[in-house]
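Chain letters run A, B, ... following the sequence lines, proteins first, then strands; residues in each count from 1.
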Amino acid sequence: MSHQLSEGSLQVIMNGGVYDKPVMQVLGSKKIQGSGANERFRLLVSDGKHSHSFAMLATQLNDKLISGELSDYSVVQIDRFVTSVLKNTGKGEKRVMIILDLTIVAPGSEVGKKLGNPQTWTEESAAASTTSTPAPTPRPVAATPKPQMAATAPANLDSSLLSSQMTHPIASLSPYQNKWVIKARVMNKSSIRTWNNARGEGKLFSMDLCDESGEIRATAFKNECDKFYDLIQIDKVYFISRCQLKTANKQYTSLKNDYEMTFTANTVVAECIDDPGSVPSVKYDFIAINDITSKTPDSLLDVVGVCKSASDVQELTAKSTGKLLKKREVTLVDNSGGAVVLTLWGEEAEKFDGSTHPVIAVKGARLAEFNGSKSLSCLASTMLRLNPDEPHAHKLRGWYDNGGADMDLVNISARAGGYSGGSSEWITFSEAEARQLGSGDKGDYFSLLGVLTYTFSDNAVYKACPQEQCNKKLVDLENGLFRCEKCNREYPNYKYRILLSANVSDPTGDQRITAFNESAEGMLGKPAIEIGTMFENDKTAYTQMFEGIKFKSFVFKFRTKMETYNDEARLKTTVMNVQPIDYKDANTKLISSIKSITGIEV
DNA sequence: CCCCCCCC
């Protein structure tokens, strides 16, 4: 069987031209650097007319070579590639082709020989050639105050560096190589910010760039800030070269790159006008909304959801700075059954319109935690897109419009509330569980409307130390005196206190709880001294009292915390406060809950 | 060279 190679394709590519999916033969391979994850291989390839060892294998394809799948004499179709001009190697510039994806058309064992009679490709053969397709010429823009007006590249810029296929993948950038051009799309651009600190003052703006291979943040300071701020526009594609690379501080970016770039006086930026469509748009690493609970506070997350509801703009004053702030809380839902609040700030908050229930994709939102509830907050660096043309977004649109809007949701941002009075939002036991309340070090607080399903009357009342601050259970010395181990004293008197164990249920679950004196009194409806007296004098009435409060409903505020008894972890849930149901308040909450679940104004 | 990003 004969195999057709793309004769002449190699020459076109080496001249910076475009050649779609050339078929070539692998004639040899060689490890050129590194080991393990940093291993890189060079290939000797032939198109039947020329051969050249200029091809490098993208590291994700290393396995094909190591496994023997990509053996010598294999015929391959090169599905995706980029070419780059490597730094001065002593023999001038060296053009290489980085193979990003390939299909093995025929394994080497089947082909078994060199096809055709390829000649080694040289610069001279390029010069002699008249058949090559010239590269589309971009319009390089010099780093001048009026960049759009510059028609030609600066004299010291090798314009071939800006040829459309002669670019480096962003993922290949490192501080160890400084001669490169990237062709990147601007995903996000900050406003100009100034700083003034011990190290001096200045201004800056930053931008997030991406290409097919990856993404990177770039920052322009002072002069470069002025020079490039107007030129750089969100969603446009630029050729960019001559920036400084340094290690990125992961704390401040969710972009997947170990490095970030700084514009310098030599930085060149030219808008790509010919084929910007060849560069993809934003890269997200979406997390399902109900998985947000597993993330630690302050993480930067990418989330996509449908705007179920949005609050009005609220004004507030920042405690720390005294600044007047404007915010809007948007509730996002997705098909994981989770709902989360995303807080927008300032102008973004004011401009936002949630009435059409847009799909919102957010990249690099910060996870905030407050009273056991988790929510997302936009930072200046957060990227927000409404109804993006993106598969995840289309899927969610379809889900929401076809029943998703009516799905039961667990709102991970519902307020659990403290125990210091006031009306806090009610959640359910299943929501408390979904949010893993109690798993932290400090214990979590939440409120709910629940019913007492069981009460334990045994040992519910005890004789406690009469000292105001000490409620320790006394030891009856059976000589008319009671000993407090805590105070290390004996007393002739005591006070009764209640320690009630009970079960509380709501429609979603059931929880064993403990209520101390005041809250137990509230449930039993009698002061501890009466209950204690009843215990001493009328056991039947005492037992009936505990029976009598079974199936009574209350509004509970709990503190819950995971504790370990005998190597077994279980939730210890304590009643911090208990109130009879205020039906007016309860109905208000029900209405707002119906509104938030259905999105319908009630 | 920034890296603050807010409130309950």
Closest to the A/Lys319 side chain, choosing from B/dC6, B/dC3, B/dC8:
B/dC8

Name all pairs fulfilling the side chain to side chain donor-acceptor pair (under 3.5 Å) condition that reach into residues 512-523 of chain A, sequence neighbours left out, sorted by first residue then second.
none

Remember a base hit wins even if backbone is also touched, and classify A/Arg366 as base, sugar-phosphate or nothing at under 4.0 Å, heavy atoms.
sugar-phosphate

Salt-bridge present (A/Lys363, A/Asp285; N to O < 4.0 Å):
no

Of the options B/dC7, B/dC4, B/dC2, whose atoms approach the side-chain atoms of A/Tyr252 most closely?
B/dC4

Can you give me the closest heavy-atom contact between A/Met576 and A/Arg559, atom names plus distance?
SD-CB, 3.6 Å

Separation of A/Leu344 atom CG from B/dC5 atom P, in whole Å?
18 Å

Between C1' of B/dC6 and CZ of A/Arg328, the distance in whole Å
18 Å

Under 4.0 Å between any heavy atoms, over every strand shown, what does A/Glu260 touch: base, sugar-phosphate, or nothing? Just pick one.
base

Does a side-chain N or O from A/Trp195 land closer than 4.0 Å to OP1 or OP2 of B/dC2, or not?
yes

Any salt bridge between A/Asp585 and A/Lys589, counting N to O under 4.0 Å?
yes

Do we see A/Phe221 stacking on the base of B/dC2, given a limit of 5.5 Å between centres and 30° between planes?
no

Pick base, sugar-phosphate or nothing for A/Ser377, based on heavy-atom distances below 4.0 Å to the nucleic acid.
sugar-phosphate

Cation-aromatic face contact A/Lys308/A/Tyr400, 6.0 Å, 45 degrees
no

Spacing between A/Glu369 atom CD and B/dC6 atom C1', to the nearest angstrom:
18 Å

Could you check how far CD of A/Glu201 sits from P of B/dC4, rounded to whole Å?
18 Å

Please tell me if A/Asn249 has a side-chain N or O lying less than 4.0 Å from either OP1 or OP2 of B/dC2.
no

The nucleotide from B/dC2, B/dC6, B/dC7 with an atom nearest the side chain of A/Leu204 is B/dC2

Quick one: on DNA chain B, does A/Ser375 or A/Cys378 contact a more 5' nucleotide (nearest heavy atom)?
A/Cys378

A/Gln244 CD to B/dC2 P, in whole Å, measures 13 Å

When the distance from CG of A/Leu379 to C1' of B/dC3 is rounded to whole Å, what number comes out?
11 Å

